[in-house]
Amino acid sequence: MPFHSPPPFRFALAVCSCLAASHAARAQSLPDGEYNVLLILVDDLKPELNAFGANKMVTPNFDAFAETSLSFTRAYCQQAVCGPSRASLMTGLRPDTSGIWSNPSGGVSTRDLIGDDYITLPQHFGNNGYATRGMGKLYHGAREASQDPELSWTDGWSAHEAPYTYYEGDASGGKWLSEDSGDSSTSATDQGSFNYRVSPATPITDLDYGDGDLAAKAIAALADYASAYTADDQRFFLAVGFHKPHLPFAAPKSYWDLYDPTDIDLGDYDGEANLPAGGQEFTAPPQTELTNYSDIEGVPDADEARHLIHGYMASVSFVDAQVGKLLAELDRHPDVAANTIVVIAGDHGWHLADHGAFWTKNSNFEEANRTPLLIRAPGLHHGGTQCEKTVELVDLYPTLIDLANLPDPDQPDDLALEGSSLRPLLEDPELPSWNQPAFSQFQKRINGPGLTTGWGMGYSMRTERYRYTEWYLTDETNRNQKQSDTPEFIELYDHAADPNETVSLASETEYAAVIAALSAQLDGGEGWKQTGFSLPAADSNLAFASVTPSRQQLRISGEAGESWTLQSSSNLRDWTDLATPATHEIPESGSSLVTLEPNSQTLVFYRAIKEETVDNDLPVPFNLFSSSLTMYQDGDYMVIESDGVPNHGSPYFPTDDPRYEAYDGPNASYRQNPNEIASQTLVFRIPLNPVEANDKSDTSLGPIGIAINGVALFNQYAGPNQPLTNEIDSFDQYNGHPTGGDLYHYHVEPLYLTSQVGKEGLIGVLLDGFPVYGPMEDGQIVPESELDIYHGHFHATPEFPDGVYHYHFSEDAPYLNGGQYYGTPGTRSN
């Protein structure tokens, strides 16, 4: 019988007073282990999947996988073209470090450019006892030599063996060209129904296309690896690179038939590219990838555009089916699947008639750089969750070796991996301390009104809100060698107001301060070296950095004379004060860049915490909370820390714990779930002066508030849109129970608290700062009809004689909350 879906496990990265609080060490939520890896790369895949909030693509297999994985909805490549992007993913190096700024050509491979001594991602797994095999497009290039067969793959690399593109209804024969021949005289689209190369013509199947044949071969390889793992515990790293939906948009007709082309809305498409206001033409993507095909002579007209979009969608559905077959084979071996990390990623995005008539990739715009990333890891407790934090494809190398419990590779020339492990986000998708931007770049020839013509490099940074890009004139060969420290051209897009990047604000005087701050953060394209972990600017009591040989600085901003304590940790949990120096004082400038000692072997995290005295004179209603909680005011927020353990007995404590109480409640159907109460580290950051939100946000699974005794309050759902109907039978005599992560919580009236404060008493607060009361008012049960859709109402209470909006527990669903916050929620971590 399934129990409550456990909430995301969160690191305790609290804003705290160094004089008042300590941080308890805790175990990671993802278990350590030496797991298998199945890496699936999909070429030119836009994040237009249902799991990413879109609804136009037919992708049942991507959708099903998303229900078991964490979807990173804001993942970005390092350069929006195949070669450099894949090189970054497979080497853990950014383009300026590897020197790979374009697709390797002329017989040159990624290995030729990085050298034989550098250890690639699959090579590192092979060096640590894994059987590694590559299949399809992983590095860039169709030749076997371009896929690094000798060093990356212990079991070699395999190509597909379905070489033909089948023209649309071409019964006369046509040019039956290889999909990978490089001969672009073929059509940009194809919907094969029959193979006319044989007589009589035979119906086309998935196996007649390259990716269909590749899927079949990958299934056979996976079956062999599953058998070897089951029999001999032989771990494997299998990477499969599908070619579609890359041009040509070639797929069996059955996938085209999934879509009605008349449903493809082109808006006011007229074949004219609309540069962003304030932009320059050179920043737009070139159209040559399209016009290389025989049936596209220039910018597509409306009919051609609709047909191309139709072909792209059909190709996505086709590759979705192939991915589904491969995942089904893994699921046939449940013991193997349970010990296998699975990653599905695109290599970059694709312009698909956005900006009026932008096509292909090759730009620094959002559509070209954002791509899907989904990760399923053993022990992951929040399948079906979206992580909206900004991440990069260069993060995959450190992530996979972290999850597989492998050491860092010993690279030549003191090179270190230049991404960050995503394990903290896999354990807590809302990790407050993760606020690092994504850094992308693209080389182009700069020209235009008012600009100096010449080769250049555009460095683009995507923060939570902005995309900021600086274009520099560079050396023609060594593109990371700037001719000046001053950019030739800049772009600024505010995604909060302009998600389609239609207006560059770079010349607007009111954005001068924003541009100055972003420019300092971008640091000429090297900002990733110093950025590491940082908190939002609104939180001025804590600063973060992750330090490797390439990340050695932590910037602290504050008032002159403030004292900050410097601490370090290897795991984001066990913080210790630095011995020399343990404290740091802010100078008159108000900002200090502290140089830290790097560690060449492991990633070290550093933080600085502002020292200040806790104000114990707490405002209403927080003065009614248990004195055992750590609480303090931080600007306009109240921060509450709790271990989540109830101050009453429960049958969910271990039987040898003095707090254990056998169940003696009235529920004759009581059944105890298999979990036990364990100490957690809960940190709630709650607005002190809550106001109604203009745009109401949904409550999520997990803690949506905190009771006065420090126990988490949950909403009315047992899982995604699942009522509490069955879970209620697992509530103890005080109406609480633990999740699979052992976090004790209340969904319904907490009977212990209402016995202490009365059924009309204050029970706690939700994350939006509005208080929660028991089920009664004026001696009567509060009827549902008196509560609004958020499950609250406004009037005076004993704590707020002037009136306040507040929530109530009720006896029937929705019990505590109607599914949305009335106000704007703060943050919580656990």
Side-chain angles (χ1 to χ4, degrees), residues 76-81 84 95-96 101-102 269-291 298-299 348-370 438-463 466-476 479-495 497-512 514-516 518-519 521-525 527:
Y76 295 88
C77 68
Q78 276 41 79
Q79 189 168 332
V81 66
D96 277 1
W101 300 294
S102 59
Y269 181 91
D270 60 5
E272 295 290 332
N274 298 324
L275 287 170
Q280 288 273 13
E281 187 173 354
F282 81 89
T283 65
Q287 306 297 307
T288 52
E289 187 175 352
L290 269 182
T291 56
V299 177
H348 46 68
W350 219 77
H351 289 290
L352 199 63
D354 51 272
H355 287 276
F358 279 13
W359 295 90
T360 74
K361 51 263 190 180
N362 303 296
S363 83
N364 270 327
F365 290 104
E366 182 85 357
E367 293 288 343
N369 285 281
R370 181 169 166 250
F439 295 86
S440 304
Q441 60 188 98
F442 207 89
Q443 58 177 356
K444 283 180 175 288
R445 189 166 180 81
I446 297 174
N447 61 77
L451 303 179
T452 302
T453 298
W455 283 106
M457 182 69 74
Y459 294 97
S460 190
M461 181 178 69
R462 181 65 159 88
T463 70
Y466 297 104
R467 175 172 293 283
Y468 177 71
T469 306
E470 293 182 344
W471 292 91
Y472 291 86
L473 291 168
T474 64
D475 182 85
E476 184 171 350
R479 299 295 171 81
N480 57 346
Q481 299 299 310
K482 302 181 180 71
Q483 295 184 10
S484 170
D485 291 334
T486 302
E488 184 69 18
F489 183 66
I490 65 174
E491 301 171 81
L492 173 65
Y493 302 99
D494 183 351
H495 274 254
D498 181 25
N500 295 321
E501 297 181 341
T502 63
V503 178
S504 173
L505 303 168
S507 62
E508 302 295 330
T509 56
E510 59 264 38
Y511 283 87
V514 172
I515 290 171
L518 292 174
S519 180
Q521 192 174 18
L522 178 62
D523 194 18

TODO: Output the distance between atom CG (Leu473) and atom OG1 (Thr452), rounded to the nearest 0.5 Å.
DONE: 6.0 Å
Open item on the list: Would you say Arg370 and His348 are linked by a side-chain donor-acceptor pair, where the criterion is simply a distance under 3.5 Å?
Closed with: no
TODO: Inspect the contact between Glu367 and Lys361 and indicate whether a charged nitrogen and a carboxylate oxygen are less than 4.0 angstrom apart.
DONE: no
Open item on the list: For the CG atom of Asp498 and the CG atom of Leu505, what is their distance to the nearest 0.5 Å?
Closed with: 7.0 Å
Open item on the list: I want to check something: taking the side chain as every heavy atom from C-beta on, are Ile515 and Ile490 in contact at a cut-off of under 4.5 Å?
Closed with: yes
- [ ] Supply the atom-to-atom distance Glu508 CD to Asp494 CG, rounded to the nearest 0.5 angstrom.
- [x] 11.5 Å
Open item on the list: Show the nearest heavy-atom pair for residues Ala368 and Cys77, with the distance to one decimal.
Closed with: O-SG, 4.2 Å
Open item on the list: Please find the pair of heavy atoms, one from Ser440 and one from Tyr76, that lie closest to each other, and give the distance.
Closed with: OG-CB, 4.4 Å
Open item on the list: Keeping Gln280 on the side-chain end and Pro449 on the backbone end, is there a donor-acceptor pair under 3.5 Å?
Closed with: yes
Open item on the list: Any non-hydrogen side-chain atom of Asp354 less than 4.5 Å from a side-chain atom of Asn500?
Closed with: no
Open item on the list: Under a plain distance cut-off of 3.5 Å, with no hydrogens placed, do Glu476 and Trp455 share a side-chain donor-acceptor pair?
Closed with: yes
Open item on the list: Pairing donors with acceptors under 3.5 angstrom, does anything connect the side chains of Gln521 and Tyr468?
Closed with: no
Open item on the list: Tell me whether Arg467 is salt-bridged to Glu501, with the criterion being a basic N under 4.0 Å from an acidic carboxylate O.
Closed with: yes
Task: Donor-acceptor side-chain pairing of Ser519 and Glu470 below 3.5 angstrom - done: yes
TODO: Give the ring-plane orientation class for His351 versus His355, where under 30° counts as parallel, over 60° as perpendicular and anything between as tilted.
DONE: perpendicular
Task: Pro487 and Lys482, any side-chain heavy atoms less than 4.5 Å apart - done: no
- [ ] If the plane angle is over 60° it's perpendicular, under 30° parallel, otherwise tilted; pick one for Phe358 and Phe365.
- [x] tilted
Task: Test item: Glu366 side-chain N/O and Pro499 main-chain N/O as donor-acceptor pair under 3.5 Å - done: no
Task: Nearest heavy atoms of Phe489 and Gly278, plus distance in Å - done: CZ-O, 3.6 Å
TODO: State, with a plain yes or no, whether a side-chain heavy atom of Leu275 is found less than 4.5 Å away from one of Glu281.
DONE: yes
Open item on the list: Looking at every non-hydrogen atom in both residues, tell me the closest pair between Ser102 and Pro84 and how far apart they are.
Closed with: N-CG, 3.5 Å
Open item on the list: Would the distance check show the side chain of Ser363 and the main-chain N or O of Thr283 forming a donor-acceptor pair, the cut-off being under 3.5 Å?
Closed with: no
TODO: Examine distances only and state if a side-chain atom of Ser504 and a backbone atom of Leu492 form a donor-acceptor pair shorter than 3.5 Å.
DONE: yes
- [ ] Quick one: do Leu290 and Thr360 satisfy side-chain contact (heavy atoms from CB on, under 4.5 Å)? Show the steps, please.
- [x] CA-CA 7 Å; Leu290 269 182; Thr360 74; 4.2 Å; yes
TODO: Using the ring of Phe282 (Phe, Tyr or Trp, six-membered ring only), decide whether Lys444 places NZ or CZ under 6.0 Å from its centre and within 45 degrees of its axis.
DONE: no
- [ ] Determine whether more than 12 heavy atoms belonging to other residues, nucleotides or ligands lie under 6.0 Å from atom CD of Glu510.
- [x] yes
TODO: Begin with the C-alpha distance, continue with both residues' side-chain angles, and end with the deciding distance and a verdict on side-chain contact (heavy atoms from CB on, under 4.5 Å) for Met457 and Trp101.
DONE: CA-CA 10 Å; Met457 182 69 74; Trp101 300 294; 3.5 Å; yes
Open item on the list: I'd like to know if the side chain of Asn480 and the backbone of Asp96 have a donor-acceptor N/O pair within less than 3.5 Å.
Closed with: yes
- [ ] Decide whether Asn364 and Gln441 meet the rule of one side-chain donor and one side-chain acceptor closer than 3.5 Å.
- [x] no
Open item on the list: Could you check whether any side-chain N or O of Glu488 sits under 3.5 Å from a backbone N or O of Thr486, counting only pairs where one atom can act as donor and the other as acceptor?
Closed with: no
TODO: Examine the side chains of Glu491 and Trp471 and answer whether a donor and an acceptor come within less than 3.5 Å of each other.
DONE: yes
TODO: Report yes or no: does Asp523 contribute a side-chain atom to a donor-acceptor pair with the main-chain N or O of Gly525 at less than 3.5 Å?
DONE: no
Open item on the list: When you compare the side chain of Thr502 with that of Pro276, does any pair of heavy atoms fall below 4.5 Å?
Closed with: no
Task: Rounded distance [0.5 Å steps], CD in Gln443 versus OH in Tyr459 - done: 10.0 Å
Task: Flag for Asp485-Tyr472: side-chain donor and acceptor within less than 3.5 Å - done: no
Open item on the list: For Leu518 versus Met461, what's the shortest heavy-atom pair and its separation?
Closed with: O-CE, 3.5 Å
Open item on the list: Check whether Gln483 reaches the backbone of Thr474 with its side chain - one donor and one acceptor, N or O, closer than 3.5 Å.
Closed with: yes
